[in-house]
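The shown structure was predicted, so the numbers you read here are calculated from the model rather than taken from an experiment. Order of the sequence lines fixes the chain letters, A, B, ..., with proteins taken first and strands second; residue numbering starts at 1 for each chain.
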2 protein chains.
Amino acid sequence: MARSKGVTIRDVAQRAGVSVAAVSMALNDTGTLSAATRLRIRATAEEMEYQADALARGLRGSPVGAIGLVMRSLDALSEYAPPGVDLFTRYIGAASAQAMDRGLSLMLVRDPTKRPTPPLALSLDGYIVTMPHVDDPVIDLLERRGIPYVTLGRDPSRPDFTDWATEDEISTFRRIYEHFAAAGARSIVLLRGTDPNAWNIDSEATYRAWCESVGITPRVYLSAERAGERGGEEVAQAIVDDEIPDAILCHTGRQAAGVLTGLTARGVAVPDRTLLATASDSEHTRHSRPAISAVELHAEETTLALLDLLQARIAGEPSAGPILTTGRFRVRASSRRAHTSG
Amino acid sequence: MARSKGVTIRDVAQRAGVSVAAVSMALNDTGTLSAATRLRIRATAEEMEYQADALARGLRGSPVGAIGLVMRSLDALSEYAPPGVDLFTRYIGAASAQAMDRGLSLMLVRDPTKRPTPPLALSLDGYIVTMPHVDDPVIDLLERRGIPYVTLGRDPSRPDFTDWATEDEISTFRRIYEHFAAAGARSIVLLRGTDPNAWNIDSEATYRAWCESVGITPRVYLSAERAGERGGEEVAQAIVDDEIPDAILCHTGRQAAGVLTGLTARGVAVPDRTLLATASDSEHTRHSRPAISAVELHAEETTLALLDLLQARIAGEPSAGPILTTGRFRVRASSRRAHTSG
DNA sequence: CTAAGTTGGTAAAACGTTTAATACAACGGT
DNA sequence: ACCGTTGTATTAAACGTTTTACCAACTTAG
């Protein structure tokens, strides 16, 4: 029952007939050891299967080999793992697996600004913060503590910050609007979320710019991310009450599913009367009737880029960001006009 | 950029005019301090927002406030976050959120027996191991190091071990067989996975026992979990080649989806000729045509039980396990006979 | 042949805790 | 008046690393 610690640096030193300092230097490739002793020590360490204790190492200020993942978008949701929302969990899975492949452990941290601070949270080597908010306190905390971090989606409060990656929403959004226009849509509605993150801000800006460029009057509706399908359903009613548009673009798959329900309930046919698409694929979009056109996000690509950026930043190398990956817009029945098919 | 550490125990001691030992004792409720000083120190610590550093604490052998989650079933899969497999990720999300609520951090650890050992992995306070294998090396490692752990699903190699929780598969399986029988099925096939865990072992045992009790000849087919839908499709062909059964029960939603495809391809109608159900709900089961009857698992309940067990075990309290939660069998079109409907 | 570098290594301090051993009162009992 | 107690708080050791300061033994230059 007693916690048995493994082989320590002292054991290795003793066996190799050197000081503990020598062992540390040999393994970390520091100091001024002769090549011969360095090799001898390494061999001994290898043989004894020595592995430096991350706690002790971290206490000294050296890297512990673990990074944190903060999901701002999930912090905001009431549930942490709502059914049908596979996007975030796919990010978690992908980031976790890739971190492992690099010899890093990954720790899920829920809002480290909340007290008491989650244990170990401030001792990690770095952080991935997904979808930071405007003036995000999490970012503040990390900055204050000098902890390296990268973000998924740009930080709306720090235009100069470059260590971020994202699926290239802006150009994808444009493609969708043009897809709508090509199908003959003249009035287009945007339904976005309310979290104050780049996703929502940039999307609306892109939408307005595009509307202006083609001479369409913008109509933006909001529904909180946490409202899910219900939120989409309610907004659909509001949209119909105002004026039935030719096309609607929603941010999340759950919103889109709700909108579809709402439209159908009001007798608005999709896609015959109104086209529908969403910027984020999910279970709902794949399987609703009709299936909803959506952008397929590639979590693996994005997390890979984030890990690259984070490791570079931890190593003190210059930033290679931002990195934009491209999602694929998959056209499904919800935005395919009969006479435009093919 | 320099990592700024927070307020240390020394700072608190100084401010309160006592020794560091006194502070430690006051906060941990140990030692022989007077009630007065204890309160005074606590007030000071509170005021300074002091939080003990988990690294330093762990180095001494005290709990670090973080636990590990090992997903054996995902270790086995090639991808760590395959689309459509929401069960595991829901476990991750649920466990993570609940751990947070208890002031614990949760770390995802992929196979800690693989060298190099994931950093911090052996310094965690305890582990949740999902679906341990027969003679699981992960369990061996934890036992050897004296690290407390609980398992999701019983450990097939340790019948005396009681610190586990699971959805009550056995009674659920029985209910499904009886559901089949009630719909008139006389020949029933079980399709299970190949991972050597309790899920597969107990399920087959339950199946055979039930068959014997009602005088049915058991027919068991195997398909590796990682084979997914493709595996189910292939097995469906094999099943049909042998003899078309009245009902098929699959373990995973992906297998069931594959079986459905395979049966349809061979002209076997579901549910008209053959009934179909699965023991594990997933995107596929909810949205296939026909929708597949499945057991809805309640990740939240189960992870809650696991955390209770783990915390008790860490605290050295007697085991309250095993804990069985009950999944709900949701009948969908795939096992609903026209003449039995209602 | 001595002063000044190199080379290759060691001893010891430091990181922030917890805890065992110890000190120092004040107090009661012979 | 002396001696164990008891009640409180302190000192110091320990956890396993990394890193700074130092040292001994050679080389080299003058």
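Look at A:Asp195 and A:Arg226 and you find no salt bridge, because none of the NZ, NE, NH1 or NH2 atoms lies under 4.0 Å from a carboxylate O. Between B:Arg42 and B:Asp29, at least one side-chain nitrogen of the basic residue sits less than 4.0 Å from a carboxylate oxygen of the acidic one, meeting the salt-bridge criterion. Ionic pairing of A:Asp140 and A:Arg145 is not present here: no N-O contact between side-chain nitrogen and carboxylate oxygen is shorter than 4.0 angstrom. Salt bridge A:Asp125/A:Arg313: absent, no basic N to carboxylate O contact under 4.0 Å.
Contacts of A:Ser24 with the nucleic acid, taken as non-hydrogen atoms under 4.0 Å apart, include base atoms.
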Self-check item: Stepwise side-chain hydrogen bond (donor to acceptor under 3.5 Å, both in side chains) check, B:Thr325 with B:Glu301
Solution: CA-CA 7 Å; B:Thr325 63; B:Glu301 264 183 65; 4.6 Å; no
Self-check item: A:Thr130 and A:Thr151: CA distance, side-chain angles, deciding distance, side-chain contact (heavy atoms from CB on, under 4.5 Å) verdict
Solution: CA-CA 5 Å; A:Thr130 68; A:Thr151 62; over 6 Å; no
Practice problem: Could you go through the side-chain contact (heavy atoms from CB on, under 4.5 Å) check for B:Asp111 and B:Val138 one step at a time? | Solution: CA-CA 7 Å; B:Asp111 198 344; B:Val138 171; 3.9 Å; yes
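Taking 4.0 Å as the cutoff to heavy atoms of chain A, we find the contact window on DNA chain D bounded by D:dG16 to D:dT20.
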Could you list the protein-to-nucleotides 8-14 of chain C atom pairs, N/O on both sides, closer than 3.5 Å?
{"residue": "C:dG8", "atom": "N7", "partner": "A:Thr32", "partner atom": "OG1", "Å": "3.3"}
{"residue": "C:dG9", "atom": "OP1", "partner": "A:Thr37", "partner atom": "OG1", "Å": "3.3"}
{"residue": "C:dG9", "atom": "OP2", "partner": "A:Ser34", "partner atom": "N", "Å": "2.8"}
{"residue": "C:dG9", "atom": "OP2", "partner": "A:Ser34", "partner atom": "OG", "Å": "3.0"}
{"residue": "C:dG9", "atom": "OP2", "partner": "A:Thr37", "partner atom": "OG1", "Å": "2.7"}
{"residue": "C:dT10", "atom": "OP1", "partner": "A:Ser19", "partner atom": "N", "Å": "3.4"}
{"residue": "C:dT10", "atom": "OP2", "partner": "A:Ser19", "partner atom": "N", "Å": "3.2"}
{"residue": "C:dT10", "atom": "OP2", "partner": "A:Ser19", "partner atom": "OG", "Å": "2.9"}
{"residue": "C:dA14", "atom": "N3", "partner": "A:Arg60", "partner atom": "NH1", "Å": "2.9"}

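Both tests do not hold together for B:Arg154 against B:Phe161: distance to the six-membered ring centre under 6.0 Å, angle to the ring axis within 45°.
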